[in-house]
Structure formats: C-alpha cells, structure tokens
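All remarks here apply to the structure that follows.
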Number of protein chains: 8
Amino acid sequence: MNENRKSREIGIVLGSTSDIDKVSSLFSVLDEFEVPYEVAIISAHRTPHLLREYAKDAPSRGVKVIIAAAGLSAALPGALAAEVDLPVIGLPISTPPLNGVEALLAMAQMPPGVPVASVGIDSGKNAALLALRILALYRPELYERLAGYRENLARDVLEKAGLLRDKGLPVWVPEKEET
Amino acid sequence: MNENRKSREIGIVLGSTSDIDKVSSLFSVLDEFEVPYEVAIISAHRTPHLLREYAKDAPSRGVKVIIAAAGLSAALPGALAAEVDLPVIGLPISTPPLNGVEALLAMAQMPPGVPVASVGIDSGKNAALLALRILALYRPELYERLAGYRENLARDVLEKAGLLRDKGLPVWVPEKEET
Amino acid sequence: MNENRKSREIGIVLGSTSDIDKVSSLFSVLDEFEVPYEVAIISAHRTPHLLREYAKDAPSRGVKVIIAAAGLSAALPGALAAEVDLPVIGLPISTPPLNGVEALLAMAQMPPGVPVASVGIDSGKNAALLALRILALYRPELYERLAGYRENLARDVLEKAGLLRDKGLPVWVPEKEET
Amino acid sequence: MNENRKSREIGIVLGSTSDIDKVSSLFSVLDEFEVPYEVAIISAHRTPHLLREYAKDAPSRGVKVIIAAAGLSAALPGALAAEVDLPVIGLPISTPPLNGVEALLAMAQMPPGVPVASVGIDSGKNAALLALRILALYRPELYERLAGYRENLARDVLEKAGLLRDKGLPVWVPEKEET
Amino acid sequence: MNENRKSREIGIVLGSTSDIDKVSSLFSVLDEFEVPYEVAIISAHRTPHLLREYAKDAPSRGVKVIIAAAGLSAALPGALAAEVDLPVIGLPISTPPLNGVEALLAMAQMPPGVPVASVGIDSGKNAALLALRILALYRPELYERLAGYRENLARDVLEKAGLLRDKGLPVWVPEKEET
Amino acid sequence: MNENRKSREIGIVLGSTSDIDKVSSLFSVLDEFEVPYEVAIISAHRTPHLLREYAKDAPSRGVKVIIAAAGLSAALPGALAAEVDLPVIGLPISTPPLNGVEALLAMAQMPPGVPVASVGIDSGKNAALLALRILALYRPELYERLAGYRENLARDVLEKAGLLRDKGLPVWVPEKEET
Amino acid sequence: MNENRKSREIGIVLGSTSDIDKVSSLFSVLDEFEVPYEVAIISAHRTPHLLREYAKDAPSRGVKVIIAAAGLSAALPGALAAEVDLPVIGLPISTPPLNGVEALLAMAQMPPGVPVASVGIDSGKNAALLALRILALYRPELYERLAGYRENLARDVLEKAGLLRDKGLPVWVPEKEET
Amino acid sequence: MNENRKSREIGIVLGSTSDIDKVSSLFSVLDEFEVPYEVAIISAHRTPHLLREYAKDAPSRGVKVIIAAAGLSAALPGALAAEVDLPVIGLPISTPPLNGVEALLAMAQMPPGVPVASVGIDSGKNAALLALRILALYRPELYERLAGYRENLARDVLEKAGLLRDKGLPVWVPEKEET
C-alpha cells in the first residue's frame, strides 16, 4: 500500500465515470470539511474482482465509511457491504428512462443481514453529510463543524427572504430579524 | 468434483430456501422433460465467495444455462452473469411489500455489458422453458418435445371449452371440433 | 437525567406502538450483540415538542446512532436529523394501502443538507446491523462480532442445502463440503 | 409584531426560493382577488425553529389559512399542521427525477390526527383558490367574486371555440351562442 | 327544505354505501366534536342530477364544508367543486386492485381553476379534522377543542410508553415524566 | 358453421378459464339485456391459430363486438384487433403480484393503427355495457333499455339512503323524496 | 339546432384547447375516411352545464360516438358517459409531471355501471380508428375502407425494409417480395 | 429461400423503423463479434401474417436466437415465442410518455408456457450479448471471445481512473497497477 493513502477516511466508489458530474457535490462537501477521501471507479458487474480487493483492504487503509454511487440495477453498494463490515452508503444515480427509481429500490430493498444506507437519488450532498455524521461520532471538532454547517443552512434560508422582497412580495421575517 | 454432477445441464441457484415453493414449477417442468439439473442455495450478499466458486466451475461441470431466482434487490443473476459467460436467466420472486417489482427491475435494468434474461415474477415455468429452448438449439429431440409441449398447451385450452358448457354458457368451438 | 440511561448507545424512536411487531428484529439483533439501546415512542406530527427534547439530549445521554421507524409520510427520521447531527437511520414501515412505498420515498428523498440513511421497508434487521457497523468503527471487538455474524449468515445458507436434499432435489454443494 | 402584518389572511410558506417560479400563480390569483397575504421561506428540515415561530404566531397575526409549498419528501405542510390548528394546504412541487410524486404522497398520506389538504403537483392556482374558498365562508363578497371567477372560467372555455374555427375545424357551439 | 337540516355545517357525500365502513372515523370524530353533519349517497356518474341538486342547495342549508369520499376514478369531489364554491375535501377510498392510488391521483390532479383538498387514502379522521379546522376559523370554542384534541394525541403517545415497558424494553421518557 | 351461432352479436374471448369468476358480471349483464353472445377460450400465446380462425369468422357469424379478457401481458385484445376490423373491448384481469396493472397498460398502450377499447381492471360489467352501447346505436329498443338501466342505477343509489338511516346517521335526501 | 350539424357522426370533445396539437391525428384520420365530425371545447369541471347540454342533444344531432380527450384527473369522458348512452371513447392526454398516467387511470377505472372505452395516452389515431370501427358495423363501405387501411399499414411496414438496406443492414424480406 | 440467408444465426426483429437508432448497439456488438444476423421490420399488430411467416421459417434459415425490439404494449417477442420454439429475447424500447415501462412489463409478464427473455429498456448491447452467450454454448471460440470481451470491460473501467486524476481527485488504484 502506498503511503499517501493512509489518512483517507471516506472511500467513494463510483459505478462508472459517467456518473461523476451528478455526484460532484460529494467532493465539494468533503473538501469543505477538509476530510480526506479517495475515489475509485469500480463496477460490481464489470470488475467484481476489483470490488473484492477494494473492500478487503479498505479498513487497513483507514477507510471508515464507503459511499457507493450507481445507477440502473445498482448492485455496487450491496456487493461492497457483503465483503466488508464498514457502513456503506448507497447513492442512487438517475439514468433514463426510469430515472433512478430502480437504483433506489435495489439499494434500499437489500436482503436481511447485509445493510446499505440509502440516500436520495443523485443526492451527493446528503451522502457526504451522512458520512461526516458517522465520522463525527468520535471527533468532536468535526461534530462542531457539522453543527455550524446546519446553522449556515438556516442562515442561508433566512437570507433568501431578500429575494422575495426584490420581487415585491410581502415577506414574513422572524421577530429578531425585524428589530 | 464428484461424478454424478457431470450431466447436469441446468444450474438452478436460489437466493434463499424460503423461495422454494414459489418456484416449484421450475423442477416439475425440467423433470417432465427429463433434463438433468442441480440446485444450489447461494446468496449474492451472504455467500459471495460461494457464488464465485459456483460460477467458475459451472461450465466444467457441464452446466449450459443458469437459472437464478431471487427476491428484493435480487443481485443474484447479475452477480453470476458477471463471473461466467453462460446465459443466466433471472427469475424474480415476489416478497411483500413490493411484491417482486424491485426484483424484476433489478434483474432487467442491468448495466450494459453484463446481460441477464429476465422472465416474469414467480414464473418458474417460463424460466424452465426458456432454459429448455436454449438447450434444444442443438438437440433436435428436445426441440421436438418442446413443439409437442406447445401443442399440448393448445389442446388444454381447447378442452377447457367443456368447462364453459358445464356452466351453461354458449360456447364457441373451432370448425374441426364440431364435426 | 436518570443514571441507567447513560450507556444507551442506540436510540430507537418509533412513530407509533402499532409498528412494534414489524420491527421486533431491531430488538433481537441488538440484544444478540449486547449493545444497550433505548426505545421511545415519538410522533413527528403528534408530539413535535417531544421530538426536539429527545434529539437535543440524545448526544449527552450517550446515544451515537438513532434509528427512526415510521410509516405513511414518515417525517420522523428527517425531523430528528434536522435537530441533531447524529447519524439517523430511517426504517420505513409498511401500512396499507401503499405498503410503505410512500414512507421509503419520504425518507430517501430528503432535501439536500439534512441526511437520512434509509434501509428497506420493515427491515428492522438491517437497520440494527447498520447501526452496529457504525458503532463498530471504533470498537474492534464489535467489529469482530459483526464479521462473525456475517460468517454465520454464510454457514446458515450452506446448511439449508440439507433442506433441498430432503425434498429429493439434486443439490450442488461447494468443494470442501463434499470431502 | 409589526403593524403591516395585521391584515395578512393567507400565509404562504415556501420550502425554498427555487420553487418560486413554479408557484407564481399563487401570487397572481391572490392579487387578483385582492386578498392580503404574506410569504415566508422556511425549510422544515433546515430551519425547524423558524417553522415553530411562524406557526405559533400565525393566528395572532390574522393568518387564517396556510399554504405550504415543498418538493421531495415535503415535510413542510405536515410540520406546520402539527404546530397550529389552522387549515394547512399542501402544494407539492415537482423536482427531478421523481417529479413531485414523492411530495404528493408525503403530503397526502399524513398520519391520522394531523390533517393536510393536498392539491395537485405545481398547482399554485388551485392552492390559492382553495384558500379563497375557505376565507369566503364568512365573507359573502369574496364568495360572490369566486362565483364570478367560475363563470369567467366557463366563458373563457366558450371563447376558445373561435380558436377551433380558425383552424378550419367543424365546431359545436351551445344553443344560445348560435343565435 | 325541512327544518332539521338547518344546522348541518358539514356535508358528507359518499360515492357508494360500500365505502361506509372505511370512513366510519369521519362520523366518530364529528360526533366527538358535536358538530352537526349530514350524509348523502351520491354517485357522480350514476346520479349526476342529484349531485347538482345537492351542491346548489348546500350553502342555503348551512353547509360550510363538503367532504366527498370516493374510490376508483373518484370524480365526486371534483364534480361537487365544479358546482359550488364551498371548500370540498376529497377522501380517496381504497378498492382493489389499485387500492386507491387512482382515486388519490384523480382528486389531487384537478385541472387549474377547480380546487379539491385531498387527504390520505381511507383517512376519514383527517378529512373530519380538516373540516373542523376550517369551521374553527371563526368559532373560537371549536378552535380551543381542536387544540385540546391535539394535546390529547400527544398524551396518548406518551402513555404508550407503558406498553413498551410491559414488553421489557428499555424505555426513554421525557424529563418531566420521570420525576 | 352451425346454425345456432348465427344470432350471437357479442363475442366474448377469455384468455384462460381461471379468469371466469372474475368476469361473471359480463354474462349476467348480457343475460339481463337478453343479447345473445358466445364465449370462447383462446390464448393469444398458446393458441394463436385459434385466435385467427376466431377473428376471421366472427363477422360472418354475426358478431358485432368482441370483448377480450386477459391478465398479465394481455396480448389477446390487441391480437384480435389486428386480425379483424370489429371494435374490440379489452378487459384487463387482475392476477398477483402486479394485480392487472400490466394488463391494463398492455391493452391501453397499443401501437397507432390498431385500436383496443380498454375498460377497468376486472370490470366485466362495464365491458358488457360498453358493448351494449355500441349495439344500441342502431337498435332503438336496446337504447331505451340502456336508458332504463341508467335510471335504475340512480334509483338504487337513492334507495341506499335507507341504509344510512338504519345506522342512525343524519341523512340528506333530495327534495322530491321528502314529500 | 342548425342545419349543417345534422350529418356529424362523431363528436369530439376536448377538455382544453391546449390539447389540440396532441390530438391532431384524430382529425387527420377522420378526414382521410371522410367521416363528418364536430369538435367542442368543454371542460367537465369548468363548464359542467355545457357538458350536459352537449350530451343530451348529441343523439338527436346524429352523433353516434363521442371521443373525449382530457388530461390530469380527466373526468370528461366519464361525465359524458353519465349523461348519454352513446359509446364514449376516452383519450388520455399527457401533461407534466405525471404524463397522463393519472388521466389513463381515471378513464379506465370508472365505477361499475358507466362505461368508458380508453385508448392509449395521446393516441388520437387509435381513438379515431376505434370510432370508425364502431360506425363501420352497419356501413359495409366503411368496413371495407378500414380493411384497406389495415392492409396499407402492413404495406408501409414492408416498404420500410428499404430503409434498413440503405443503412447497409442484412435485411430479411418475406418470400414473395424476393421474386 | 435465397442463398445468402443461410448463415444468419441471429434474427433481429424490430417493431418499427423508428426504433432503429435506439438499438444501434445491437448491430455494432454483433458486427464486432462477426456473427451474421438478419434484420426484419415486423409489427405484431400491423403485419401479423408476416410475423408467422418469419417465425415458421426461422429455424430452417439457420436462425438460432431471435431478438425482438418493441415499445408500447410490445406484443412482438411474445407473439414470436408463440409461433416457434427458439429462444426469443425481448428488448423493450422507450417511447414517451411511459418510457418503456409498459413494454418491459408486457415482455416480462408473459403467461406461463410461452417464455420471453427480457433485457433492460433500450439495452441493445445486453440483448446482443445474451444472444451471443447462447450461441457460444456450442462454439468454444465464441465463448473465448466473450471472455475476452468481459476482460476488456474490466480494463476499460480501470483505465478510467485516469479521468479522475485529470480532475485532481485522489484516486484509488488496485495494488498491481501501482508498481
């Protein structure tokens, strides 16, 4: 194993490179939180041997959470969860014509005994945040940053009231904002 | 490999034993056609190593077609098709609460490059007949028997006209039947 | 806060008591792994104030992972994830007439920024195992037990071959089993 | 509370500003009927505390009906209906890839005890008209205007017959129109 | 018009008598709140003339809100909303084989201009509560009772914790309950 | 062709005898209207030659409308419509696990050029009435009977008000009923 | 009634003018067969009184078949079938976001007693051909033309083989074509 | 029969020429494997006689596997499987507004006795590969090429890691790649 892999705590596995743009928020959120991650292109069906190699070595490389993004029948997260006991987050990707419904169902409806944590279709942001919440369980400073992130979300929402005002709409604002 | 496996031309793989009663027509059709088969219980997610062993040895054991029955996210047929180049028939099994819809979608919507042949939900009979049609391509006597089977299906339909008559319904029968 | 709550690492929140029998595997799996948990009945819509109290205090009580089971529009896991930065596992419960499809969609399709980890409909077992995988990240002995559990799953599958033999079916068994 | 809020009888709550263009008919219908309203951006998951503040004060501000527009898992109207006993109209917003089906289901399939009144996906016009019908129960002049609106709808339909004639189609017109 | 109709504020219209048992909570909730109502059996397709008579006279009889329960293509609430400007609540009823999905869609997806307020499939309780929330807008004592009802819902949930204890589960209870 | 077939104006074709109980209202409605019909068991897939014989001879036997009942992929009505230019009514039959949804879609979504008239799943009554409406176009006495049938439907609805009264419900009845 | 309406045998009713381009094949097919028709814009919900006037007078105007095109909850064909005993063909129109699925279900799943003949979503051609098959029952020359139309469809298919050849594909052609 | 048809082992039947671009991978994969095929345009509903001629002669022409591509109600593969005992692969084609869901269901949910092998919607590549796997059962050189194809798929996946690196992402590569 090469040195620079050591600190990668989140392993992102993509079923194909064509999914990359749909999951770009995965990378941006993790970059924002400065949590090291690695990205692998592995197909459950086209490179099953690679999948096993990846899963077996992941814990020794320091990977704590795996995020697996796949479309169509989306076997990827389940296949990873079958090979290693790390938490595996399934990120269903939309592809025409069924738009990811089949991927969501395939990830969620796993047989009893082998769990996958599904997030929403194309929701790279929530996949990343879920991984961070898991990591934060034993890292108080990360937990703090997540709390800060949630506060920022709230602040962003409040600031958008300005947008309504620009449209001339009668805006409601919370009490303390008004003073 | 033990001797008596040699002649098994159809490999039936079940995702779990709880599916057995739903696919009993699989066995009865193959028995009727006297085509030797083998049955294995293999879970794509709970015994992935077994799945690889099964798939790798199948051709050398004489298996020509694999029928894989599974419910829920139903990764079984796809995982087998990813390990061996035999034709793999996917038989989706109904389980509550989605009743096999997710299994059918997971089998049909495979990524390009790794084909699975899906039949209807719980349709063990069609899975068996599809396997037999494949075997019959180079075995004229089996092809003849399939043609005979199809004729019998037609005869059965005709004979059911009697049932309508018993109910006092005005029955239509084809010309030659009447004479 | 009373003393005996301290060590409860998994917080199970049920939307209603009528869901209890559908999620009994939640309790049995956690009992099997001897991981302490607590159970609360909280409705996102009927007791929203309770939900906030629960979420706010959970980290100080030692809760690491929340499992929230709910049917119908299933706002429970999302509402919890909105109040606390712990990982929240959503367990959709089937209720007629839509059988949990709406609960699965409501849990998976969360807005960006507030993640929920969805498992399968009525799949208490996978919800429990996912929570255990998260806890096991920093507890090697639990990680070992999960690996053992997975091996047992595999052994159970193998042992079911006997069932096939009892039915007189031609059974395939893996190589080392045969000797 | 500031003065100019007093007369706002309809409270419109949007889950996000990105939904604004999809619900613009909300504003135009209410403007047409000259019924004062207020608009707030509140996310059930990103600003739950704001949601409670909004709901609690709404009756004292004079709000009679709340219209809550949201996409995805769409917890907004249910969360508002859980905090205040005003009638809450749920307006599901379409977002790819599921196009609002999940939002409609989440709004309609509320648990017993906490009602939400769902209208069609993206149907801002019907949300506004439903709110007006409620307000009109005790305001005869508004009831009259609604009756007039319905008559205008009918007239608009009749006038479109001209469009058919311009296309050279053989048009049917009602008896009194012909004379 | 006969005298005793005068005070009926809620008009319940059922598409068929076979739906009566599925909506019995409609009656029990309204009885509990002592709000007078009337029940009519009217089919949009089998008795369209009755529907018009009903709708036209409803306001003069004192009806403030109409609740229309129907299954299958469920045209009833829309047809009523097309004839009178009262708020019309659509209550979709489940019937095999589609279990009310078609009824929910038909009620929710009304054309722009004619609003229907849909509640959940078979959710008589929420239909009744929605009607009561509308009536309560101008009747403070009813508004008080609704608030009390909501508090009772919360209390019921709390009391169910006892059920968990009886099963020997480790129960979480809110702070003030413990003292 | 045998003599007694001559006057059969409606041809009912069933895909299998197992569907017979689900469509019994087909027979009872046609018997009530004393319109002669014939019943045939023909499978589009198991007896395609029979289907062609049936379709080709139908007009010369006096058949004016064909009602074809089938479940699953339900090719029957489309195959008949492809062989003869009579109006063909498709009656989708519910079978588990998809409950006739696939049959309805297969009948409705015919390719352009070959029309099928679909009625509701298992709705034998509407299939029969649709056939009667077609026959009645040139038979005034049958048209009269259909009008009478529709009036009876309305009367039945009215009579059910008694059922409500027996339950102690406050019943609305139309004006003229009251006197 | 004005003179030139007399001979219109097919009554086309559109729920809105925005549907006109989606059903243009309705007009072109009927024009091709030189069957006179009339077109009306009638909304079941916005102009219910017009609907009744239309339905009541249709038979006396000579209308034999009604084709009703509508989207969303699509009450139009059912409402017409409830007012007159002519055969009514329901043509579901696709509108975002559900794309006509709700319209198809609303048309097909009519309550027992009031039949509608549904064709495919946006399938104006099949609606027209179904109407023509009904008219042709008593008009041999029209029946002949329909047979000719069907032959042309077959010929068109055959001629498209040329298209394949132009692409350099190895084309199969039927026996008699080759000579 | 003309000479050059002899060696065509795969018969591709398209329901219409408008489907050709959606299935172009069918041709490219078969060309790549140098397996001779023939293409026919046959509509199950518009040219049923052609369908029978095609099916009956296929075995004598040397056709081993039939691939039938169709959209909408997609009766084509089932109709072919009803006329000849060759394996028939159903390739559902997406067409608006239901996007091929109805075609997939119609192909998969065949009645017992007449099997069709369904692949994914628009998945010409998998249809071709499934046909090749069937042919390869008795042609070792083709089996070898399929194994090679699968290895290439794996290699392609590996090579895409470069793409990730170009985007500056931290890439995981398998052990032997690194040296």
Side-chain angles (χ1 to χ4, degrees), chain E residues 1-21 23-24 26-28 30-31 35-58 60-63 66 71-74 76 95-99 101-103, chain F residues 19 21-23 69 71-72 74 91-105 108 118-126 129-130 133 146-179:
Chain E
M1 197 193 317
N2 54 6
E3 225 19 37
N4 70 332
R5 275 175 178 178
K6 274 238 173 91
S7 54
R8 297 170 178 180
E9 293 172 300
I10 294 177
I12 297 173
V13 186
L14 307 178
S16 94
T17 48
S18 57
D19 300 344
I20 261 205
D21 290 336
V23 299
S24 59
L26 258 184
F27 310 129
S28 56
L30 296 181
D31 286 342
V35 168
Y37 58 92
E38 63 184 24
V39 188
I41 304 284
I42 298 174
S43 162
H45 293 114
R46 285 175 287 209
T47 58
H49 58 288
L50 220 61
L51 185 147
R52 291 187 288 278
E53 182 185 336
Y54 183 86
K56 201 156 60 179
D57 292 352
S60 66
R61 274 200 315 278
V63 170
I66 293 174
L72 298 167
S73 57
L76 189 62
T95 44
L98 298 188
N99 294 327
V101 169
E102 78 273 57
Chain F
D19 301 344
D21 290 337
K22 287 187 183 149
V23 299
L72 297 168
L91 172 51
I93 302 296
S94 67
T95 44
L98 298 188
N99 294 327
V101 169
E102 77 274 58
L104 171 57
L105 291 177
S118 299
V119 294
I121 303 171
D122 295 339
S123 187
K125 187 176 281 185
N126 277 359
L129 289 169
L130 179 56
R133 284 187 177 210
L146 280 168
Y149 182 87
R150 212 151 42 92
E151 275 161 35
N152 282 342
L153 281 180
R155 198 164 307 126
D156 287 356
V157 169
L158 277 169
E159 276 162 15
K160 275 172 186 162
L163 230 133
L164 299 180
R165 262 191 224 98
D166 295 349
K167 289 184 178 254
L169 290 168
V171 183
W172 174 87
V173 288
E175 285 299 299
K176 54 183 170 189
E177 288 267 315
E178 290 180 78
T179 53

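A, B, ... follow the sequence lines: proteins, then strands. Residue 1 opens every chain.
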So which part of E/Ile20 gets closer than 4.5 Å to some heavy atom of chain F, the side chain, the backbone, both or neither?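 Only the side chain of E/Ile20 comes within 4.5 Å of chain F.
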
What residue among E/Asp31, E/Val63, E/Leu26 forms side chain to side chain contact (heavy atoms under 4.5 Å, CB included) with E/Tyr37?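 By the side chain to side chain contact (heavy atoms under 4.5 Å, CB included) criterion, E/Tyr37 pairs with just one of E/Asp31, E/Val63, E/Leu26: E/Asp31.
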
Can you tell which of F/Thr95, F/Asn99, F/Ile93 makes a side chain to side chain contact (heavy atoms under 4.5 Å, CB included) with E/Pro97?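 Answer to the side chain to side chain contact (heavy atoms under 4.5 Å, CB included) test with E/Pro97 among F/Thr95, F/Asn99, F/Ile93: F/Asn99.
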
Let's test your reading of the structure: which of E/Val13, E/Leu14, E/Thr47 forms the most heavy-atom pairs below 4.5 Å with chain F?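 That would be E/Thr47.
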
Which one wins on heavy-atom pair count under 4.5 Å against chain F: E/Ile42, E/Leu72, E/Ile12?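 Option with the greatest count: E/Ile42.
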
Does any non-hydrogen side-chain atom of F/Leu158 lie less than 4.5 Å from one of F/Pro174?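 They are in contact (side-chain heavy atoms under 4.5 Å apart), so the answer is yes.
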
Under 3.5 Å donor-acceptor, F/Lys22 side chain and F/Ser94 backbone: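 Judged by distance alone, yes, a pair lies under 3.5 Å.
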
